Amino acid sequence: MSSVIPVTIKHAGKSYPFDLDTNETVPEFREKLYSVTGVAPPQQKVLIKGQLKDGMDLKKLGIKEGQAITLIGTAGEIPKAPVMKTKFIEDMDESELAQAFKVPVGLQNLGNTCYMNSTIQVLRQIPELAESLTTFNESISSMSPDRRLVASLRDLYAGMDKSATEYPPLLFWQMLRTYRPQFDQQDNRGHFAQQDAEECWSSVIQALKASSVGDHFVDQYMTGKLSTVTKTLEAPNEEPTTREENFNNLTCSINATTNYLTTGLKEGFTQQIEKNSPTLGRNAIYTSTSAISRAPAYLAVHLNRFFWRPDIRKKTKIMRRVKFPFELDATELMTDELRAKVRPLNLRLREVEKDRLERMNVAKRTKRDKNEEVEGENWMSEEEKKKRLEEAQDLEKLINEDIKNDVGACASGVYDLQAILTHKGSDANSGHYMAYCRNPNKPESWFKFDDAKVTEIKEEAIVPLEGGGEGPIAYLLLYKAKPLK
């Protein structure tokens, strides 16, 4: 028996013939309704034996051929088909590929979803994650909410890859709200409420982790370890305790004296607690000191800018300027043991990077004098490419064996800033989120993702994101282990 049932959709006095596939999920059905009627899924009220809910099974609703289904909701503009026939990536020639990837695709704001759009764009800066998602074979109709979310992220990436215009992340949004109901909150006017981008980031990471994407990609490439030693000066003979815990992002504490990212991280690594001392038989002040014992290839840093103000009963924002480096050396945040393992490669890589920078500057000056192109890697000669390959081979010999066998670990302790998620405004429950991502084809430029609007900007435009006002301020930073080539 066919799963496709011809029905009639009745909306605003009009009737639309519609082929309803009962094997699809309700969110997929809503997307098709949107393409026919122009009523976006958040505004849809579908009446089939009562109001249709996202978790329902269409096969169990007893829908009959020719049945009239009522849709209530305000229609917007119906999504337009592309004027030109869609041409897929594998069918493009080199010039078309270059044009297609000149500016990446933005995401439509579905109603206070800038927090989600920015999170997606920052995550998309991890090419290994995108590759891992292509091997994720779960269906969007999986019984597991985390797997449905991951499957929708996979399909969203695929759709963005094939789109030449802004893309609507409708299905992913539906799955996110199912996975974490907090994102389904609405204000007193019935509009979806603004949410916290860092909470969205953590939710997606947890879903990826729970779904074991790409042979445990998150555990390998995005999870670090902290070693924490706790002791008290009040009982110097008492044996310190040590514990290890995983982290998916580090927190940068911000106070009245925090000027630099590493300072805020270090302050967050030291905590004082009061607890019972078994040797003193009373409460004592203990100091807990943490350090990184495993550094992941991708290091996310959350700048803790929001705090609760009981006097006004809401979260407020710390505007203070906190300088963050484009190149982060994390060795000063590591345990002595890990620092010793990365140090030989760390020192040599810095020397090599200095030599490469000098060679690049000379080569670019020479090309500019000849009015030749110097953007991206156009300045690089075949001799330079060969030189870099030889340097990389020598550097690989310095990788510690323990780290070499630890897939997804950072071998040098040196990171390059890859993406920034920012917040604009003074209130955690309002304002606007945007993403700034490094251009992979032109390292000296970045892309600014303001929902559907994407613009290319120069690297110097990133510096003001350090803060100091109500403009866009860095809220989450994504660092990537510096490549050896």
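None of the values given here were measured: they were computed from a predicted structure.
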A.B. asks: Any side-chain donor-acceptor pair under 3.5 Å between Thr279 and Glu238?
C.D. replies: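 Checked: Thr279/Glu238 side chains pair up, N/O donor to acceptor below 3.5 Å.
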A.B. asks: Between Thr263 and Thr258, is there a donor-acceptor pair closer than 3.5 Å when you use the side chain of the first and the backbone of the second?
C.D. replies: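 No, the answer is negative, given that no donor and acceptor are paired below the 3.5 Å cut-off.
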A.B. asks: Is the shortest distance from a Lys or Arg side-chain nitrogen in Lys354 or Glu351 to a carboxylate oxygen in the other one below 4.0 Å?
C.D. replies: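 No.
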A.B. asks: Between Asp161 and Arg124, does any side-chain N to carboxylate O distance fall below 4.0 Å?
C.D. replies: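 Yes, Asp161 and Arg124 are salt-bridged.
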A.B. asks: Tell me whether Gln185 at atom CD has more than 12 heavy atoms from other residues, nucleotides or ligands lying less than 6.0 Å away.
C.D. replies: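 Atom CD in Gln185 is crowded, with more than 12 foreign heavy atoms closer than 6.0 Å.
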A.B. asks: Is it true that Arg321 and Glu466 have a side-chain N and a carboxylate O under 4.0 angstrom from each other?
C.D. replies: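 Yes, charged N to carboxylate O under 4.0 Å.
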A.B. asks: Between the side chains of Glu198 and Arg305, is the shortest nitrogen-to-carboxylate-oxygen separation below 4.0 Å, so that they form an ion pair?
C.D. replies: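 Here Arg305 does not pair with Glu198 in a salt bridge, since their nearest N and O are not under 4.0 Å apart.
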A.B. asks: Between atom CZ of Arg339 and atom CD1 of Ile292, what is the distance when rounded to the nearest 0.5 Å?
C.D. replies: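 It is 10.0 Å, given to the nearest 0.5 Å.
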A.B. asks: For Ser202 and Gln206, which I'm curious about, is there any donor-acceptor pair between the side chains at under 3.5 Å?
C.D. replies: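 Their side chains do not contain a donor-acceptor pair, so the 3.5 Å distance test is not met.
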A.B. asks: Is a donor on one side and an acceptor on the other found under 3.5 Å between the side chain of Arg320 and the backbone of Ala256?
C.D. replies: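 Yes; at least one donor-acceptor contact below 3.5 Å.
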A.B. asks: Determine, for Arg356 against Glu353, whether the closest basic-nitrogen to carboxylate-oxygen distance falls under 4.0 angstrom.
C.D. replies: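 Here Arg356 pairs with Glu353 in a salt bridge, since their nearest N and O are under 4.0 Å apart.
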A.B. asks: With a 4.0 Å cut-off, would you call Arg388 and Glu384 a salt bridge?
C.D. replies: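 So Arg388 pairs with Glu384 through a salt bridge.
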A.B. asks: With the threshold set at 4.0 Å, does a side-chain nitrogen-carboxylate oxygen contact exist between Lys480 and Asp416?
C.D. replies: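 Salt bridge between Lys480 and Asp416, a charged N being under 4.0 Å from a carboxylate O: no.
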A.B. asks: Under a 4.0 Å N-O cut-off, is there an ion pair linking Arg154 with Glu138?
C.D. replies: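 Salt bridge: no.
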